[in-house]
Amino acid sequence: MILLHRITPFALLIVSAAGFWAAMQPWGLFPLWPLFVSLVLCFFLFARLGGWASHRASSWHLILPSLLFLASVQGLFLLAETVAGRVALAMLASLTLFFYAEQVFTYVHAPALYQPFAIQHVSLGMNLVTVFCAGAVAFGTRVFLQAPFAVLVPAVAVVAGYGVFQALWASKMEGRRAAVFGVAAGVAAGESVWALALLPTGFYVDAAVLTLVLYVFLGLSRASFLKQLTRPLAVRYVAAGVVLASVLLGTAAWQ
């Protein structure tokens with residue numbers, strides 16, 4: 001049995017890569033289908049790897065970050081205009097899923113080999129990438145398909161709010177308190193989407209600024225929870241966010 005769990009990360013790598021590969025083939029098939037099938041298969045593989053039980057919140061929090069990450073990258077994959085961009089996204093998604101699954105395997109099935117806080121750190125990075133990709137998809141569909149704000153803003157708010165909640169939960173914050181931070185992050189993300197969509201900038205730039213907002217919010221929230229929040233640290237976080245956002249907006253091609 002342990003052997004089946006040990007090869008699951010490699011199976012996830014293959015399934016994810018196969019979904020992207022099939023979506024790139026000129027077979028006349030709607031590319032959403034192979035991506036959706038690979039997403040469903042990845043869910044079952046992660047569920048088996050993590051000993052998923054629907055009534056346990058910990059099971060969901062081990063699985064959902066990876067699925068949201070994969071789904072958001074798949075969405076951006078569909079908007080990518082170049083083959084090189086699609087290949088890069090496919091490699092990013094597949095290798096990241098493999099690395100995250102390795103951490104889940106050691107955490108659940110080989111705890112003696114588990115590096116402390118590995119899942120927390122990897123899921124934090126995955127959540128930020130998820131927010132960027134979800135934001136890019138939202139802004140992109142707004143530009144190309146004129147998708148309504150009534151759909152885009154709540155969708156991004158939910159993804160961002162859950163990402164912050166999961167990251168704080170993984171940092172051992174009590175669930176109700178983490179939920180409060182998650183709701184606040186969702187509101188901030190929704191307001192940011194609404195404001196950034198009014199700017200004449202590209203959707204990648206808007207998504208990057210949105211990710212910066214969530215990064216600063218999450219960094220300050222975690223520091224507060226860990227009782228490490230000081231005035232100099234808060235100033236550094238805010239200053240870094242403002243400077244990076246200014247660089248992004250200042251160097252962007254305004255249309």
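Quick note: residue numbers are just sequence positions, from 1. It should be emphasised that the depicted structure is a prediction, and the values quoted were computed from it without experimental measurement.
- Screening residues 105-119 for side-chain hydrogen bond (donor to acceptor under 3.5 Å, both in side chains) gives Y114-Q120 as the qualifying pairs, with residues at least two apart or on separate chains.
- Sorted by first and then second residue, the salt bridge (charged side-chain N to carboxylate O under 4.0 Å, His left out) pairs with a member in residues 9-23 form an empty list; sequence neighbours excluded.
- In the hydrophobic clustering, L13 connects to F10, L95, F98, either directly or through intervening members, whenever side-chain heavy atoms lie under 4.5 Å apart.
- For the atom pair CD1 (I7) and CG (L49), the distance works out to 11.0 Å, reported to the nearest 0.5 Å.
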Stepwise side chain to side chain contact (heavy atoms under 4.5 Å, CB included) check, V87 with F20: CA-CA 8 Å; V87 171; F20 286 110; over 6 Å; no
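- Sorted by first and then second residue, the salt bridge (charged side-chain N to carboxylate O under 4.0 Å, His left out) pairs involving residues 67-93 (not counting sequence neighbours) form an empty list.
- In this structure, V137 and L76 approach most closely via the heavy-atom pair CG2-N, 3.4 Å.
- For F69, there are no ring-ring contact (aromatic ring centres under 6.0 Å, His included) partners two or more places apart in sequence or in a different chain.
- Rounded to the nearest 0.5 Å, atoms CG (L212) and CG (L248) are 6.0 Å apart.
- Sorted by first and then second residue, the salt bridge (charged side-chain N to carboxylate O under 4.0 Å, His left out) pairs with a member in residues 88-106 read R6-E102; sequence neighbours excluded.
- Taking CZ from F46 and CG from L64, the interatomic distance works out to 11.0 Å, rounded to the nearest 0.5 Å.
- Contacts classified as side-chain hydrogen bond (donor to acceptor under 3.5 Å, both in side chains) and involving residues 205-232 (residues at least two apart or in different chains) are given here: S171-R222, T201-D206.
- To the nearest 0.5 angstrom, L12 atom CG is 9.5 Å from L70 atom CG.
- Among residues two or more places apart in sequence or in another chain, the side-chain hydrogen bond (donor to acceptor under 3.5 Å, both in side chains) test is passed with S38 by Q74.
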What donor-acceptor contacts under 3.5 angstrom involve side-chain atoms of residues 177-194, with partners at least two apart or in another chain?
residue : atom : partner : partner atom : Å
S192    : OG   : A188    : O            : 2.8

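- In this structure, F132 has no ring-ring contact (aromatic ring centres under 6.0 Å, His included) partners at least two apart in sequence or on a different chain.
- Counting non-hydrogen atoms of neighbouring residues, nucleotides and ligands closer than 6.0 angstrom, the CZ atom of F36 reaches no more than 12 such neighbours.
- Screening residues 136-165 for side-chain hydrogen bond (donor to acceptor under 3.5 Å, both in side chains) gives H61-Y162 as the qualifying pairs, with residues at least two apart or on separate chains.
- Under the side-chain hydrogen bond (donor to acceptor under 3.5 Å, both in side chains) criterion, S94 pairs with S16, not counting sequence neighbours.
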